[in-house]
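Beneath this line is the structure, given in C-alpha cells, with notes to follow.
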Amino acid sequence: MSNFESDPHLRTGIMDHREDHSPGDEPLEDSGHWIRNANLGLGFSIVLTVAAFLVAGSNLIYAPAIPVALLVLAIAQMGVHLVFFLHITTGPDNTNNVLALVFGVLVVFLIVIGSIWIMDHLHENMQPVPMEQMMQMQQ
C-alpha cells in the first residue's frame with residue numbers, strides 16, 4: 001500500500017508539519033538544539049585535539065605514519081568546525097557560505113603554493129658563490 005492510500009491527509013489535500021521541503025532544507029530548531037549542537041562540536045574538538053597530542057607525543061603509531069595521522073585528524077577537526085560551529089550544510093540557503101569558503105580556500109592555496117614557488121626560484125638563482133670562484137673573480 002502506498003503512502004497516498006494510507007495517509008488521510010494526503011488524500012484530502014490538508015498538509016500538516018510534514019510539508020514538502022527541498023533537500024538540505026532544515027526546519028527551525030529551538031535554542032536547546034543549538035546549545036546541544038555547540039556542546040557536541042566542543043566535545044568532538046577536544047577529543048580530536050587530545051588525539052593529535054597523543055599521536056604526536058607517544059609511540060602509538062609507526063613513526064613515519066605520524067604526519068599522515070596528524071593530517072587526518074586536522075581534516076576531521078576542520079570538518080567539525082565547519083559543521084558544528086560555522087553551520088555549513090547542504091541547504092539551499094548556505095550556497096553563498098559554501099562559495100565564500102571555497103574561494104577563501106582557493107586564495108590561501110594560491111598564496112601558499114605561490115610563495116613556495118617564489119622561494120624555490122630565489123633559492124636556485126641566489127646560490128652562494130664558492131670561495132675559490134670568488135678569489136678567481138678578484139684577480
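By convention here, the first residue in the shown sequence is residue 1.
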Point to revise | Considering all heavy atoms, the nearest V55-A69 contact | key: CG1-CB, 4.0 Å
Revision key, fill the gap. Looking only at heavy atoms, the pair that brings S45 and V80 closest together is OG-CG1, 3.6 Å
Spacing of [X] atom [atom1] and [Y] atom [atom2] [to the nearest 0.5 Å]:
| X | Y | atom1 | atom2 | result |
| --- | --- | --- | --- | --- |
| L70 | I61 | CG | CD1 | 7.5 Å |
| L54 | T49 | CG | OG1 | 11.0 Å |
| I66 | N59 | CD1 | CG | 7.0 Å |
| D120 | W117 | CG | CH2 | 10.0 Å |
| I35 | L40 | CD1 | CG | 13.5 Å |
| M78 | L86 | CE | CG | 12.0 Å |

Practice item. Using the rule that two of Ile, Leu, Val, Met, Phe, Trp, Tyr join whenever any of their side-chain heavy atoms come within less than 4.5 Å, decide whether V50 and V72 are in one cluster. Key: no
Practice item. Examine L82 and V102 and state if one hydrophobic cluster contains both, with Ile, Leu, Val, Met, Phe, Trp and Tyr joined whenever side-chain heavy atoms are less than 4.5 Å apart. Key: yes
Check your understanding: How are the rings of F85 and H81 set relative to one another: parallel (under 30°), tilted (30 to 60°) or perpendicular (over 60°)?
Key -> tilted
Point to revise | Parallel, tilted or perpendicular: ring planes of H87 versus W34, cut at 30 and 60 degrees | key: perpendicular
Practice item. Check whether any side-chain heavy atom of V83 lies under 4.5 Å from a side-chain heavy atom of I88, and answer yes or no. Key: no
Review point. Only one of L101, L99, T89 clears side-chain contact (heavy atoms from CB on, under 4.5 Å) with N94; which?
Key: T89
